[in-house]
There are 2 protein chains.
Amino acid sequence: MKILLVEDHPNLASNLFEYFEPKGFRLDWARNGVHGVELAKNQSYDLIILDVMLPKLDGFGVCNKIRNELALDTPIIFLTAKSMLPDKVLGLELGGDDYLVKPFQLRELESRINSVMRRYRKIEAQSSIVVEDLIIDRNICKVFRDNIPLVLPPTAYKILCLLGINKHRVTTFQEIEDYIWGDDIPQSSSLRTHIHTLRTIIDKPFNKALIHTVSRVGLKVGYDD
Amino acid sequence: MKILLVEDHPNLASNLFEYFEPKGFRLDWARNGVHGVELAKNQSYDLIILDVMLPKLDGFGVCNKIRNELALDTPIIFLTAKSMLPDKVLGLELGGDDYLVKPFQLRELESRINSVMRRYRKIEAQSSIVVEDLIIDRNICKVFRDNIPLVLPPTAYKILCLLGINKHRVTTFQEIEDYIWGDDIPQSSSLRTHIHTLRTIIDKPFNKALIHTVSRVGLKVGYDD
DNA sequence: AGTTTGCGTTAAGAAAGCGTTAAGATGGCG
DNA sequence: CGCCATCTTAACGCTTTCTTAACGCAAACT
């Protein structure tokens, strides 16, 4: 995690260094806006922490240059004493991802960094569920095993999704029924049939079974444990 | 923009409705945590605004269920009177995207919503959308395929825009209906007919189909994957 | 050993999903 | 007022998908 800190107060800057470096973050420090833009241009950062009141070029100007001239979409967190509404709004509308008012606690900043980064990463690598050689891409509602695309009927697909979500544990039959049908559950033979359909498609054509029954309890995906 | 508001204070809820509905946001209101989870499961939202202190299931519990049991990564903004640090940290670490302390100004919430959404749906900001050989120019409301200009009726055009915005994923029928008609949705046969119109114009004259149905779920644009 | 229970398997009918078409309803505009 | 584009509704039929019921088999009980 490489962070660019643009901040003119040496005290605050050194506090941040002391807090974040031991946690494995790597920080670069720019003490004015122009220097900040320069670094953003030449290095590549995972996140930028930006004070608003800065010598030479203020934080809004830096943000603007980064977004429009450099066309970078690196997450930006504003960090400032200005708590007035118009400033917050301006910062966020200019392309900032968060706006934290001084004084703040470092722990909160850390959480907000984590939150922003989590979001940023998730967008890069879309949310799909991976179980061994099985991939469930819930964005496009498609399933692959061994990179071979498999076609599932809707209900079988839903069951598989639920199993994937709970891949670390057994999903009970009861949970599956609730998840699929809600209040209007058909006879239990229906679920049995759907599970059979699911197995026929994702297990039969392959060597190792991925779906395992835990008698009287439910199902679990994954290779045998 | 469809937002789920989980909040037990009718006053605040109605303030939010008054502020955001005229701006074109569509809000659903859940007045307790359990109802909130229920709605999140059955509908699809662009954003969830979550109070922390709620009857039945508190905001942290709701967030937890949404992230872990439903495995949805819909952005969540916490909204609460609790300004204590541990709460903020918990909210953000549980998978929240932002944490706003009451009392707050609606304008700030709006900015934060915009900021979160900008990240989440990058494409919405752009005015023209490109999908394979299809170009949707939303400035001039015109569509080209293979550089051939195509003329679409308004509703079909709207549907195509939505599919384009979500080109990386399946757009549910439900989302399409919400997007086009809002609260006053006609019978489902109407949507079927519009989709047929759309296909007749942008797929029929060409070799490869761009619009694909995902049974019981929705539509996706793009060549087969 | 016989019976029960849980669950895999199969086949068949019922229901639902959706593409397609045509006909009426609506609303803007000359 | 009437034309035209557009939207909505209804009907049809092909498919896919769901549900049910029946059977088999193995493990667990009596």
Side-chain angles (χ1 to χ4, degrees), chain A residues 141-143 149-163 170-206 208-221 224, chain B residues 141-143 149-163 170-206 208-221 224:
Chain A
C141 300
K142 280 189 175 161
V143 177
L150 304 174
V151 181
L152 292 173
T155 304
Y157 173 76
K158 270 199 190 176
I159 294 173
L160 185 61
C161 282
L162 185 61
L163 297 183
V170 175
T171 306
T172 63
F173 294 123
Q174 170 89 181
E175 280 178 281
I176 298 174
E177 289 176 339
D178 288 344
Y179 183 77
I180 306 245
W181 292 290
D183 292 323
D184 193 31
I185 300 174
Q187 319 219 158
S188 67
S189 63
S190 183
L191 178 57
R192 279 211 309 282
T193 317
H194 286 297
I195 292 169
H196 179 252
T197 307
L198 184 56
R199 282 197 163 107
T200 308
I201 298 166
I202 83 155
D203 272 349
K204 270 243 178 84
F206 300 87
K208 280 192 178 179
L210 270 172
I211 297 168
H212 305 281
T213 301
V214 178
S215 187
R216 292 160 175 261
V217 183
L219 300 178
K220 180 167 185 314
V221 275
D224 284 331
Chain B
C141 294
K142 282 191 174 156
V143 177
L150 304 173
V151 181
L152 291 173
T155 305
Y157 174 75
K158 272 198 194 175
I159 294 173
L160 185 61
C161 283
L162 184 61
L163 297 183
V170 174
T171 306
T172 62
F173 293 125
Q174 164 109 193
E175 283 178 277
I176 298 174
E177 290 176 339
D178 287 343
Y179 182 77
I180 302 216
W181 292 291
D183 290 322
D184 193 32
I185 299 173
Q187 319 229 142
S188 66
S189 61
S190 183
L191 177 58
R192 278 210 309 282
T193 318
H194 286 297
I195 293 169
H196 180 252
T197 307
L198 184 56
R199 281 198 164 107
T200 308
I201 298 166
I202 83 156
D203 271 350
K204 270 243 177 85
F206 300 87
K208 280 192 178 180
L210 270 172
I211 297 168
H212 304 280
T213 301
V214 178
S215 186
R216 282 167 149 239
V217 183
L219 300 178
K220 178 164 186 314
V221 276
D224 278 332

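Remember, it's a predicted structure, so these values are computed and weren't measured experimentally. Convention: sequence-line order gives letters A, B, ...; per-chain numbering from 1.
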Separation of [N] [atom2] from [X] [atom1] (nearest whole Å):
| X | N | atom1 | atom2 | value |
| --- | --- | --- | --- | --- |
| His196(A) | dC23(D) | NE2 | P | 18 Å |
| Lys220(A) | dC7(C) | NZ | C1' | 20 Å |
| His212(B) | dG19(C) | NE2 | P | 12 Å |
| Ile195(A) | dG6(C) | CD1 | P | 14 Å |
| Ile159(B) | dC18(C) | CD1 | P | 14 Å |

Contact string for nucleotides 24-30 of chain C, one letter per nucleotide 5' to 3', B = base within protein heavy-atom range under 4.0 Å, S = sugar-phosphate only, - = neither, reads -------
Close side-chain approach of [X] to [Y], heavy-atom, < 4.5 Å:
| X | Y | result |
| --- | --- | --- |
| Phe173(A) | Ser188(A) | no |
| Leu191(A) | Ile159(A) | yes |
| Ile185(B) | Ile180(B) | no |
| Arg199(A) | Thr213(A) | yes |

Review point. Can you name the residues that form a side-chain contact (heavy atoms from CB on, under 4.5 Å) with Ser215(B), not counting sequence neighbours?
Key: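 Counting only residues at least two positions away or on another chain, Ser215(B) forms a side-chain contact (heavy atoms from CB on, under 4.5 Å) with Pro154(A).
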When rounded to the nearest 0.5 angstrom, what distance separates CG in Leu150(A) from OG1 in Thr200(A)?
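Rounded to the nearest 0.5 Å, the CG-OG1 separation comes to 12.0 Å.
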* State the CZ-NE2 distance between Arg192(A) and His194(A), to the nearest 0.5 angstrom. =>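 NE2 of His194(A) is found 12.0 Å from CZ of Arg192(A).
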Have a look at Leu219(A) and tell me which of Ile176(A), Val170(A), Leu198(A) forms a side chain to side chain contact (heavy atoms under 4.5 Å, CB included) with it.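 Among Ile176(A), Val170(A), Leu198(A), the one meeting side chain to side chain contact (heavy atoms under 4.5 Å, CB included) with Leu219(A) is Ile176(A).
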Next item on the list: Have a look at Tyr157(B) and say if it touches a base, only the backbone sugar-phosphate, or nothing, with a 4.0 Å heavy-atom cut-off.
Entry: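 Here Tyr157(B) touches no strand at all.
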Extract from the structure each pairing of a protein N or O with an N or O of nucleotides 16-22 of chain D at less than 3.5 Å, listing the distance.
from	atom 1	to	atom 2	distance (Å)
dC18(D)	OP1	Thr155(A)	N	3.1
dC18(D)	OP1	Thr155(A)	OG1	2.1
dT19(D)	OP1	Trp181(A)	NE1	3.3
dT19(D)	OP2	Ser190(A)	OG	2.9
dT19(D)	OP2	His194(A)	NE2	3.0
dT20(D)	OP2	Gln187(A)	N	3.0
dT20(D)	O4	Thr193(A)	OG1	3.3
dA22(D)	N6	Arg192(A)	NH2	3.4

